[in-house]
Structures are given as structure tokens and as C-alpha cells.
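As C-alpha cells, the structure follows; a few thoughts come after it.
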Amino acid sequence: MSAPVEFLLSLTRTLAIMSLYGETHPRRQGAVEHSFERLTTLLGENSRPQFSFLMDEVVYGKRAMRELQEWEWSRRLADAGIQRLEIDVGVTLEEYADFLEQAGDLVSGAPSRTTAMRPNVATRIRFGAVGLQGEVRESGEGKSIATATLSYALDEEVDAVRWIHQEMGEAGTLALLEAEAVVRSLSVAMHGANRVVIPLLRLKEFDQYTTTHSINVGVLSMALAETLGFGARDVRAFGTAGLLHDIGKVRVPRDILIKPGKLSPEERAVLDQHPVDGARIILESDEQLGVASAVAYEHHIMIDGGGYPVMRYRRDCHFASRLVHVCDVFDALCTDRPYRAAWEISRALAYIGERSGIEFDPSTARAFSAMMKRFELQVGPVPASEAAPVATS
Ligand SMILES: [Fe+2]
Ligand SMILES: [Fe+2]
């Protein structure tokens, strides 16, 4: 078992024992000392461990601790207002015992005694609520920590999406189960905290564009569908559709995808084939994914009938396509590209507003802007990769 897991288990075992035995009971003292030893071991590895307790999982540093998923204590600590715990090396047994007293009071719902006696004491253990970026939320008796933005690395999801694209390009098979697993996992990341967050990835390297963009469009599509009141099953279907909307780009040659300048008409025609190819790939893989294939086909079609593929008969696009279209353009605009810098969110939203009724469905565009203004963005780093680069949205 890893040191952070051993420490957390010893911490919560101690809280359980403290609720059963009186303050002077030897079992209580023994548990505190044992847990402090686990903490000392952890501090030997990491001089400032940081834990976030969300409703269904624990995040250690920036990494979700999969081994503690659905651990009941995560929810109990979060409910008690301990959503974040940071400990500095050099902490003493006395400080730790003090923290355990306060945590025990919070978990049992009793009024905190120690904090009231020692307000504003600089301590090497800080805990409190997870708030918005830069915000300081009060917790307990005037005790607070500056809450850092929860930053999900989403490393495993990024690896999975990169693999899905590679597998499609090389073996010609669409790994649908993996795509759906990624969507479920993104949904957990969105609902990890007490409130819904939108964990958008920031592009670090141009050659990660496909992966980063696919995940972001999946996340934004799910968030928007949820905002609009769709049920969980539909929200996941929209997430899968967002994740796979550009899958047809696996058929576009790499030199076209990475070309920094303007494409020639011939190159443009090849790139513009990706919606048709994407829809075919998805339909050939699974007939159940009608929505995803419609979205792959229609995500570059504008509300006024413009865009591509050119429709021979004017008809309305699927609602999911109109939804993914807005999310797709937004993420593309807010990403650094070889030929232009990323736009500010406000500028991208203004663009979407201006093009409402021409390119975008007005009510979808309005709902998207309202959502983005309401939510705090959660941005996580993307690790280096060799994923195929892409030049356009
Ligand atoms: Fe596209
Ligand atoms: Fe796209």
C-alpha cells in the first residue's frame, strides 16, 4: 500500500477510535501516535502532501487516488467541511493531535473547541473547503485556507483517447468501450466536488491537439447537456458524441493536419472530408451510436445551411450536432494554434454571440454562454505525448 493511502487509512481509523473512547483513553493515544508515524513516513516522500476529499474520490496532489474511489470517508470528510488538507514537513505530534481533535469535532458535528481557543495560529496543517479559484472560504470557527484550484491531471483519460485515435488510424477499429469509459470518467471528474466543474485541459504542445480538443469538446458537451436538463444517459451520449466528433481526422494525412499556413484548395477538400469519414467510421462500428455519427457528420454545418458537408436538401441538424458545434468552435478558439494565439474566453463568447443565428443555433449559443459565465473553469495540465497534430477545429 502506498504511503498516502496508509496515512489516510490511519487518519480515519484514529477519528473512528476517538469517537468511541474518551480523551484520556490509551487506545486513543496509541492510534494518534500510530497515525503520526504514517504521516512521518509520508512526509519523508513528500514535504507538502495535499489531499482533496470530494464526494466520491480523493485527489492526492493532482492525481485522483483510484484505490480510494467511493471510499466512504471521503464523503464524510467533505460533508464535515474538510475538502482540502495540506500538511507541511516539520509538523509536530502535538499539532497533529490538535488537528485530529478539530477534525473529530467536525465529523461528529460537535462545536469545535480547539479552534476557538487558538484562533489564527500558524500551523503546519491546513484544512477547509474547496472553493472557487483564488477564493478564501471560511470554515469552522474563522479558520480558513486559501483554496487552490482543483487541478485534475486526467492523465489516464488523455492516454486512453490518444490510444483510441492511434488504434483507429493503425488497426482501423474504433474502441467504443474505451471511449465510453473515458466519458464516464470525465463525468466523475465533473461531479467530483460539491458542485459541477468543467475540467478543461490546456494545450501544452501542438502535437497534442487532437487528444486535448476531443476531451474538451466531450466535457463541454456533457456540461451543456446537463445544464439544459438532459438525463444522465443522454448526457453521456452527448459526451461520447463530443469525444468522437473529429474521429474522421484519422484519415487525413499528417502533413495536412500539421500545416501551419493556409491550406490549398485540394488540401482543404481532404480535410473537409473528415465529417463524412467520421460518421462512416462510427456507424460501421456500432449502429447504436446514431447520435455520435450524426454529430460527426453535422458538426461543421451551420444553422443557416452553410459549412460542410454541403447539404443537397436543406434540413435541420440533430440537436446534439448543434450543441457539439458550439463547444467545438469555442474550444478551437480558446486554444493556441500554430497560426494564432488562443483567444480569451470573453472574446470567444462574443464571437459565438455575433454568429448566433448564422452559424450557431441561437438558444444553444445563449445557453452555452450563460453556462461558461457561471462556471469556474478547472484547467489541468496535459503530459507530453506523440499524438497526431491537427491544424483546424
Ligand atoms: Fe471537425
Ligand atoms: Fe473539432
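Indexing begins at 1, ligand by ligand and atom by atom, following the structure's order. Just so you know, residue 1 is the first one in the sequence shown, and it goes up from there.
Atom-to-atom distance recorded for T210:OG1 and Q166:CD is 10.5 Å, nearest 0.5 angstrom.
The closest approach of D328 to the Fe ion (ligand 2), by N/O/S atoms, is made by OD1. Sorting the N, O or S atoms of D246 by how far they are from the Fe ion (ligand 2) puts OD2 first. Considering just the N/O/S atoms of H274, the one nearest the Fe ion (ligand 1) carries the name NE2.
Metal site remark for the Fe ion (ligand 2): H299 contributes no N, O or S atom at a distance under 2.8 Å. Under 2.8 Å from the Fe ion (ligand 1) lies no N/O/S atom of H245, from backbone or side chain alike. Not a single N/O/S atom of D331, whether from backbone or side chain, sits less than 2.8 Å from the Fe ion (ligand 2).
Of the N and O atoms on the side chains of Y21 and R27, at least one donor lies less than 3.5 Å from an acceptor on the other residue.
The same ILVMFWY cluster, assembled from side-chain heavy atoms under 4.5 Å apart, contains both L42 and L77.
When every heavy atom of T211 is checked against every heavy atom of V158, the shortest pair comes out as CG2-O, 3.4 Å.
Panel note: side chain S74, backbone W71; no donor-acceptor pair is recorded below 3.5 Å.
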